[in-house]
Amino acid sequence: MSLKVYNSLSRQKEIFTPINAPYVGMYVCGPTVSGESHLGHARPFITFDVIYRYLLQLGYKVRYVRNITDAGHFEEEGREAEDKISKKAVLEKLEPMELVQKYTNLYHWAMSRFNNLPPSIEPTATGHIVEQIEMIKKIIADGYAYEANGSVYFDVEKYNTDFSKLGKPYGMLSGRNLEDQLDTTRELDNQEEKRDKNDFALWKSAPPEHIMRWNSPWGEGFPGWHIECSAMSSKYLGEEFDIHGGGMDLQFPHHECEIAQSTVCNHKTPARFWLHNNMITIQGKKMGKSYNNVIKLTELFSGDSPILEQAYSPMTIRFFILQSHYRGTLDFSNEALQASEKALKRLWEAYEWYSKQIFLEGSTASDKTLDEKVQKLVTEFDEFMDDDFSTAKVLANMFELSSFINSIKDKHISVTAISSATALLLQKQLKVYLEDVFGLIGERSSDYGQLDGVLQLLISIRKDAKSKKDFMTSDKIRNELVGLGVQLKDEKDGGTSYSFN
RNA sequence: GGUCCUGUGGCCGAGUGGCUAGGCAGAGCUCUGCAAAAGCUUCCACAGCGGUUCGAAUCCGCUCGGGACCUCCA
């Protein structure tokens, strides 16, 4: 059994083999901290967190690098060479770095609520200006970039001509060729600095009002959009590393430019496997700033948005994302999120109950067929994950298993129907997958211990009332707790359990 | 205009040519003082039209619809 992943570069599933097993280098494009993260941003970070966790689970020693873009990009290239971050800073009367800090903190807060593991290294663009300048110098020295009025541009045409001969044309990742680009572009203003429309900026001269600026051999300015990822990935992962991830919308031009820059500097395509997650849509349209249809994560968690019928917890969103395959689009709707919320609750309750059961070793299965079925469902977890991280299929199996678990709980199926070995395997694999690989956690308030005491007291009072057939009192306790978000359930064994809605 | 993806039941979503994922919602039953939850059963499907095949949701073609990238974008 071996892991297969879909490589955007080859457009097919390939067996994943690290360059230097057991070490794996993975780079994922992180956020631009010029604003709040929204639901769309959550997808790559959750997707690649699960990929990271799965690689760790397989025993790889992974260095996971995810950058923070805090140097800003151009608002609209060629027209207004303005830094997004410094522009907003002026509007909000904040220091650029204060703004960057604010949104970085918010981003980290959201990541931890999603229970995403922190990356091994989280480099910032502003912390690597020197490396970026060095890289640009090298590209100029090799003849693939030129200076114009204090800015530096990458010569795409020359790169394409030279590297096409080596089988590495510009556009190899996104599957487009330069001729098509030339034929179909519309006119842009103020392009005179560039020799060719396809050229992209490596270094941009800073206009006087620009706050974020650094000294360089070409004058004061700031780095272009693509160079930071090339500089930081090669610094921390080497000239050639295993996995490069990001959203599909970064494939062109961002990742294409990264490939060009790194290939010139290191004579190697930087990453072997390029993984791209698809977009989250809303009413069929991509969620994105330009469409004005984003739902910020803070809104999602609080329910504070006209689009939202209620708040959705981070785990509901995580589960929602895991229920689809990462390369397909995923459509947001209240209905879909509510379905995920209920589904997760059901799954989690079955899991928690089963994980508390104690199985004696050495017992055999009284129902061989059922035993085999359970075993099959559990062993398929690995097969599905190995098939390009098919989390949705694993979850489907888990739901079948939770029906089985609930049947044992309700005593429709005997505990001894399956062997203790199978039961222990199920118990172990549920934990491994739900908690370690999928990164799901139970959602409990911090003062849970105290609350539990109070609830047990109420349950006990209600039990007394019930035994005296005082249903007025017992129903009052149960109904008012529902109003507070606590659901009491009278179990078959005479006990009473509760869950938070 | 160029490049590419996609169209699955009321909704969300898996689907490697043959054995109809799964979730939510709906219906019935069981359990229950009543609930809630759970279990069992059940309804509802592969955009349309051709073709290949013994057999197609899955492959091919056309038509219609939706979307992405080509500009900052996860």
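Just so we're on the same page: letters track the sequence lines, and every chain starts at 1.
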Is [X] close enough to [N] that one of its side-chain N or O atoms is under 4.0 Å from OP1 or OP2 there?
X	N	result
N277(A)	A74(B)	no
K13(A)	U16(B)	no
H412(A)	G39(B)	no
S333(A)	C12(B)	no
K285(A)	G67(B)	yes
K411(A)	G39(B)	no
K197(A)	U71(B)	yes
Y291(A)	A68(B)	yes
R346(A)	G23(B)	yes

[options]: which one has an atom nearest the side-chain heavy atoms of [X]?
X	options	result
F252(A)	C70(B), A21(B), A37(B)	C70(B)
Q487(A)	A21(B), A35(B), A74(B)	A35(B)
H41(A)	G33(B), C73(B), C12(B)	C73(B)
K393(A)	A14(B), G23(B), A68(B)	A14(B)
F471(A)	G33(B), G2(B), G22(B)	G33(B)
S290(A)	G13(B), A74(B), C73(B)	C73(B)
S474(A)	G10(B), G33(B), C69(B)	G33(B)
A392(A)	A14(B), C73(B), G22(B)	A14(B)
H325(A)	A74(B), C11(B), G15(B)	G15(B)
F399(A)	G23(B), C12(B), C24(B)	G23(B)

Would you kindly give the [atom1]-to-[atom2] distance between [X] and [N], to the nearest whole Å?
X	N	atom1	atom2	value
F200(A)	U71(B)	CZ	C1'	15 Å
D249(A)	A68(B)	CG	C1'	9 Å
D331(A)	G67(B)	CG	P	11 Å
K469(A)	C34(B)	NZ	P	10 Å
Y351(A)	G23(B)	OH	C1'	20 Å
N278(A)	C73(B)	CG	P	17 Å
H276(A)	C73(B)	NE2	P	13 Å
H255(A)	C70(B)	NE2	P	13 Å

Original post:
Going through the checks in order, is the side chain to side chain contact (heavy atoms under 4.5 Å, CB included) test met by Y312(A) and N334(A)?
Top reply: CA-CA 9 Å; Y312(A) 300 101; N334(A) 282 286; 2.6 Å; yes
Subject >> K376(A)/E380(A) salt bridge by N-O under 4.0 Å criterion >> reply: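 A salt bridge links E380(A) with K376(A).
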Original post:
Is the shortest side-chain N to carboxylate O distance from R53(A) to D49(A) below 4.0 Å?
Top reply: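 Looking at R53(A) and D49(A), the cut-off is met.
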So, does the side chain of [X] form a donor-acceptor pair with the base of [N] at under 3.5 Å?
X	N	value
R478(A)	A35(B)	yes
D475(A)	G33(B)	yes
N406(A)	C40(B)	no

**OP:** Name the pairing partner of G39(B), where a pair is Watson-Crick or G-U wobble with both distances under 3.5 Å, or state none.
**Re:**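 WC or wobble partner is C29(B).
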Original post:
If we call it a pair only when both distances are under 3.5 Å in a Watson-Crick or G-U wobble match, what pairs with C69(B)?
Top reply: G2(B)
Original post:
Can you find a side-chain donor-acceptor pair between S414(A) and T416(A) that sits under 3.5 Å?
Top reply: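 Looking only at side-chain atoms, T416(A) and S414(A) do form a donor-acceptor pair, the distance falling under 3.5 Å.
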Original post:
Looking only at side chains, do N278(A) and R43(A) share a donor and an acceptor under 3.5 Å apart?
Top reply: no
Original post:
Got a donor-acceptor contact below 3.5 angstrom from the R462(A) side chain to the S474(A) backbone?
Top reply: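 Between the backbone of S474(A) and the side chain of R462(A) there is a qualifying donor-acceptor contact (under 3.5 Å).
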**OP:** Determine the contact category for L344(A): base if any of its heavy atoms lies under 4.0 Å from a base atom, sugar-phosphate if only primed atoms, P, OP1 or OP2 are that close, otherwise nothing.
**Re:**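 Counting heavy atoms under 4.0 Å across all strands, no contact is made by L344(A).
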